[in-house]
Amino acid sequence: MKRIRIAAALDASAPMDAVTVMGWARTRRDAKGFSFLEINDGSCLANIQAVVDEQAEGYADLKDIGVGAAVSVTGKLVASPGKGQKWELQAERVALVGGADQETYPLQKKRHSDEFLRGVAHLRPRTNKYGAMFRIRSELAFAIHNFFRGRGFYYVHSPILTGSDCEGAGEMFRVTSLSLDEAQGAKEELRAKDFFGKDAYLTVSGQLSAEMFACSLGNVYTFGPTFRAEHSDTSRHAAEFWMLEPEMAFADITDNMNLAEDLLKYLTEFAMTSCAADLDLFARFVDKELMGNLENILREPFVRLPYAEAVDILKKSGKKFEYPVDFGLDLQSEHERYITEEHFKKPVIVYDYPKGIKAFYMRLNDDNETVAAMDVLVPRIGEIVGGSQREERLDVLETRISELGLGKEEYWWYLDIRRFGSVPHAGFGLGFERLLMLMTGVTNIRDVIPFPRTYRHLEF
RNA sequence: UCCCCGGUAGCUCAACGGCAGAGCGGGUGGCUGUUAACCACUAGGUUGGCGGUUCGAAUCCGUCCCGGGGAGCCA
């Protein structure tokens, strides 16, 4: 089947003969003796308009070609006399490839609500909005690889199955090969019977793996699915999501902040230039302020704000917050939003958090009170990046582990990297879905994932 | 897990204690180089489930289910 993608056809510089387009009908407008058929094949947002007159082969099939039907049209690509499109396809032959019953096909020739489309997630990429979304998702994934490859980072495939329950980032999904019938008996017996002979989980983070490889290959990143069994039922959480986690050896928290800022600016610029047509849909129909917000990311350096100063700003704001503000307490959503949306009105990197509210592996600062952690806060999303310089001193790390009541044995390999050729290193995690929400103005994570998995929802 | 809002035709919604409606979509016919075309006709409902109050419930109450928003936790 020789065919031309619609994106290529609409981009033609001259008329063409014997062009075949295959795709799904978006709408059909009948006139006496001929019809306009709009076809989309997913290659771009735009449809191609085919003009089918009654002489064309297969004209009789046209009555069965409604919204959603798969069709093949062969003809001449000619300049369109009508308004709204440069090129159109003068059909010589039309064929119905796969019909769609108009009474039961769920998608109509009009706008649907996001809630409704979630119920037909298998069909929603056929809509303009979700087609655009998933093209942008694909493009930005490639942009991430481009960015890191261009800077000499290696892509590490961190494991998805893990035997350590100490990745330290929330509730984990347990993985077992035992059937429900076999899963009876004492814990030790079950472990012995199970596939790995020990407890197994789905990863919640690739960070620990990335640290190991940073301390070998230098600069690396992981980018893949991660899983959290939190009962978080919100528009910003999913049980399965993609996370990007770069890690750099011989790097400190400032290098880390620079990398995060460069990355966000690169991806923003990339989206605006390489996904312009698809992004425009979101700017027009989803978030009127989208382009302004994206330009705001590019325009100026991000604010770099020590946690202690953030607390001062919040205390002096005169704002009534639901949750208390004080040194040593974590910043709540409302606080982060105030700082980035109201006070600075641009991305803010908050760093040097009190050690009590951060993970054990973050590097203890000389003040003995704070750790070299950094969060990038952006308007509308809140925290998009969270990272730190890692504790590279064996004794300090061991003390932190025991302070927090964690078992040293579990971490033997993690500690080994501090035992043998330890170096300062730093990295961060970026939620890919939250990045997509930032880039498109979409406010629900379920609408930036092809088939979202959330608490109590495992459909498709 | 907690708080708030909602569930009525395929979709988006109206009716808010007294005969269940509109727009869009579907079907049929017409018309036009049309642009989410246009015009006419037409089909389509156990008002989320169960129970209660009432002469009478889509409407009030209870409960369960589902959807949305917010919070916590985080990415």
Side-chain angles (χ1 to χ4, degrees), chain A residues 26-38 46-53 63 66-68 78-85 88 90 100-120 127-128 167-171 203-207 223 225-245 260 285 321-323 330-337 357-359 375-378 381-387 428-438 443-449 454-457 459:
Chain A
R26 281 295 179 77
T27 174
R28 192 187 84 214
R29 292 180 290 272
D30 293 330
K32 192 169 218 150
F34 67 104
S35 289
F36 297 101
L37 194 58
E38 289 213 27
N47 305 325
I48 196 166
Q49 170 170 284
V51 186
V52 189
D53 74 40
K63 64 178 191 330
V67 180
V78 298
S80 176
K83 291 195 180 79
Q85 63 279 318
E88 66 183 22
Q90 199 69 52
D101 175 27
Q102 295 303 289
E103 291 196 35
T104 51
Y105 185 61
L107 300 181
Q108 300 175 359
K109 197 168 49 183
K110 64 170 196 171
R111 229 171 132 182
H112 287 289
S113 68
D114 295 323
E115 293 80 8
F116 171 73
L117 290 171
R118 278 172 215 151
V120 286
T127 64
N128 287 338
E167 288 174 344
E171 293 293 311
T203 185
V204 294
S205 163
Q207 181 196 315
F223 181 38
T226 46
F227 307 86
R228 306 266 170 100
E230 309 280 357
H231 293 188
S232 302
D233 193 12
T234 83
S235 56
R236 288 181 300 281
H237 293 86
E240 177 181 314
F241 63 100
W242 277 57
M243 191 152 61
L244 164 70
E245 292 173 291
F285 299 117
F321 294 111
E322 193 185 338
Y323 288 86
D330 209 353
L331 300 181
Q332 304 294 328
S333 293
E334 56 174 349
H335 306 140
E336 295 181 346
R337 244 183 286 120
I357 56 173
K358 288 292 180 182
D375 288 350
V376 180
L377 312 179
V378 293
I381 308 288
E383 184 187 331
I384 189 159
V385 164
F428 61 81
L430 176 146
F432 188 50
E433 282 75 19
R434 290 194 183 168
L435 175 79
L436 288 166
M437 292 164 75
L438 177 67
T443 54
N444 196 311
I445 196 168
R446 289 176 267 254
D447 298 333
V448 304
I449 303 181
T454 57
Y455 184 58
R456 298 282 180 204
H457 294 276
E459 202 64 49

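Residue numbers start from 1 in every chain, and the chains themselves are labelled A, B, ... in the order their sequence lines are given, proteins ahead of strands. Hydrogens, waters and symmetry mates play no part in the numbers below; they use all other heavy atoms, side chains included.
In terms of phosphate contacts, A:Arg236 brings no side-chain nitrogen or oxygen within less than 4.0 Å of OP1 or OP2 of B:C73. Remark: A:Asn444 is in phosphate contact with B:G69, judged by side-chain N or O atoms under 4.0 Å from OP1 or OP2. The side chain of A:Thr234 contributes no N or O atom lying less than 4.0 Å from OP1 or OP2 of B:A71. The phosphate of B:U35 (OP1 or OP2) has no side-chain N or O of A:Arg29 nearer than 4.0 angstrom. Considering only side-chain N and O atoms, A:Thr27 lies nowhere under 4.0 angstrom from the phosphate OP1 or OP2 of B:A36. Between A:Ser333 and B:G72, a side-chain N or O to OP1/OP2 separation shorter than 4.0 Å is present.
Between B:U32, B:G26, B:G33, one nucleotide has an atom nearer to the side chain of A:Phe34 than all others, and that is B:G33. When the nucleotides B:A36, B:C11, B:U34 are ranked by their closest atom to the side chain of A:Phe116, B:C11 comes out on top. With B:G69, B:G10, B:A36 as the choices, the nucleotide that has an atom nearest any side-chain atom of A:Lys109 turns out to be B:A36. Distances from the side chain of A:Phe36 to the nucleotides B:A37, B:U34, B:G72 place B:U34 closest. Closest contact between the side chain of A:Ala31 and the listed nucleotides B:U35, B:C11, B:U32 involves B:U32. Comparing B:G68, B:G33, B:G10 by their nearest atom to the side chain of A:Pro81 picks out B:G33. For A:Gln90, whose side chain is taken as the heavy atoms from C-beta onward, the closest listed nucleotide among B:C74, B:G10, B:G33 is B:G33. Candidate nucleotides B:A71, B:G25, B:G69 were compared by shortest atom distance to the side chain of A:Arg337, and B:A71 ranks first. Here B:G68 is the nucleotide among B:G72, B:G68, B:C73 with the atom lying nearest to any side-chain atom of A:Glu115. Comparing B:C11, B:U34, B:G68 against the side chain of A:Arg118 picks out B:G68 as the nearest.
Annotation: B:U53 and B:C16 have their P atoms spaced 25 Å apart (nearest Å). Taking atom P on both nucleotides, B:G25 is separated from B:G6 by 29 Å, rounded to a whole Å. Across B:U28 and B:C65, the matching P atoms stand 43 Å from one another, rounded to whole Å. Look at the C1' atom in both B:C19 and B:G33: the space between them is 48 Å, to the nearest Å. B:C55 and B:C50 have their C1' atoms separated by 24 Å, given to the nearest Å. Nucleotides B:A57 and B:C2 are separated by 33 Å at their P atoms, to the nearest Å. With both ends at atom P, the span from B:C60 to B:C11 equals 23 Å, rounded to whole Å. Taking atom P in both B:G21 and B:U35, the straight-line distance is 33 Å, to the nearest Å.
Residue whose closest nucleotide on RNA chain B sits further toward the 5' end, between A:Lys83 and A:Glu336: A:Lys83. Where A:Gly84 and A:Leu430 meet RNA chain B, the nucleotide closest to each residue was compared, and A:Gly84 sits on the side nearer the 5' end.
Pairing partner, B:G33: none, since no Watson-Crick or wobble contact has both distances short of 3.5 Å. Across every strand in view, B:G67 sits in a pair with B:C5 that passes the Watson-Crick or G-U test at under 3.5 angstrom. Using the Watson-Crick or G-U wobble rule with both distances under 3.5 Å, B:A40 pairs with B:U28. Shown here, B:C13 forms a base pair with B:G21; the pair counts as Watson-Crick or G-U wobble because both key distances fall under 3.5 Å.
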What does the list of N/O pairs under 3.5 Å between the protein and nucleotides 2-9 of chain B look like, with a distance for each?
none

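Within 4.0 Å (heavy atoms only), A:Ile384 reaches sugar-phosphate atoms of the nucleic acid but no base atom. Counting any heavy atom pair closer than 4.0 Å across all strands shown, A:Gly386 reaches no nucleic acid atom. Among the heavy atoms of the strands, none lies under 4.0 Å from A:Gln207. Residue A:Glu103 is in sugar-phosphate contact alone, with no base atom involved, counting any heavy-atom pair closer than 4.0 Å across all strands shown.
Side chains of A:His457 and A:Thr454: a donor-acceptor N/O pair is absent below 3.5 angstrom, by distance only.
In this structure, A:Gln102 atom CD and B:U28 atom P are separated by 10 Å, rounded to whole Å. The interatomic distance linking A:Leu37 (CG) with B:A36 (C1') rounds to 15 Å, in whole Å. Atom pair A:Asp101:CG and B:G25:P shows a separation of 17 Å (rounding to whole Å applied).
In this structure, A:Glu245 contributes its side chain and A:Gly206 its backbone to a donor-acceptor pair below 3.5 Å. Remark: the backbone N or O of A:Ile381 is not paired with any side-chain donor or acceptor of A:Arg236 at under 3.5 angstrom. Checking side-chain atoms of A:Gln85 against main-chain N and O of A:Ser80 turns up no donor-acceptor pair under 3.5 Å. Without hydrogens or angle criteria, A:Glu230 side chain to A:Glu171 main chain gives a donor-acceptor distance under 3.5 Å.
The minimum heavy-atom distance linking A:Pro81 with A:Glu88 is given by the pair CD-OE2, 3.5 Å. Pairing each heavy atom of A:Glu383 with each of A:Leu377, the nearest pair is CA-CD2, 3.8 Å. The two residues A:Met437 and A:Val448 come nearest to each other via the heavy atoms CG-CG1, 4.0 Å.
If you check distances only, the side chain of A:His231 never reaches the base of B:C73 with a donor-acceptor pair under 3.5 Å.
The one candidate from A:Arg26, A:Arg28, A:Gln102 that meets the side-chain contact (heavy atoms from CB on, under 4.5 Å) condition with A:Val67 is A:Gln102.
Note: A:Phe223 and A:Trp242 have perpendicular aromatic rings, judged against thresholds of 30 and 60 degrees for the angle between ring planes.
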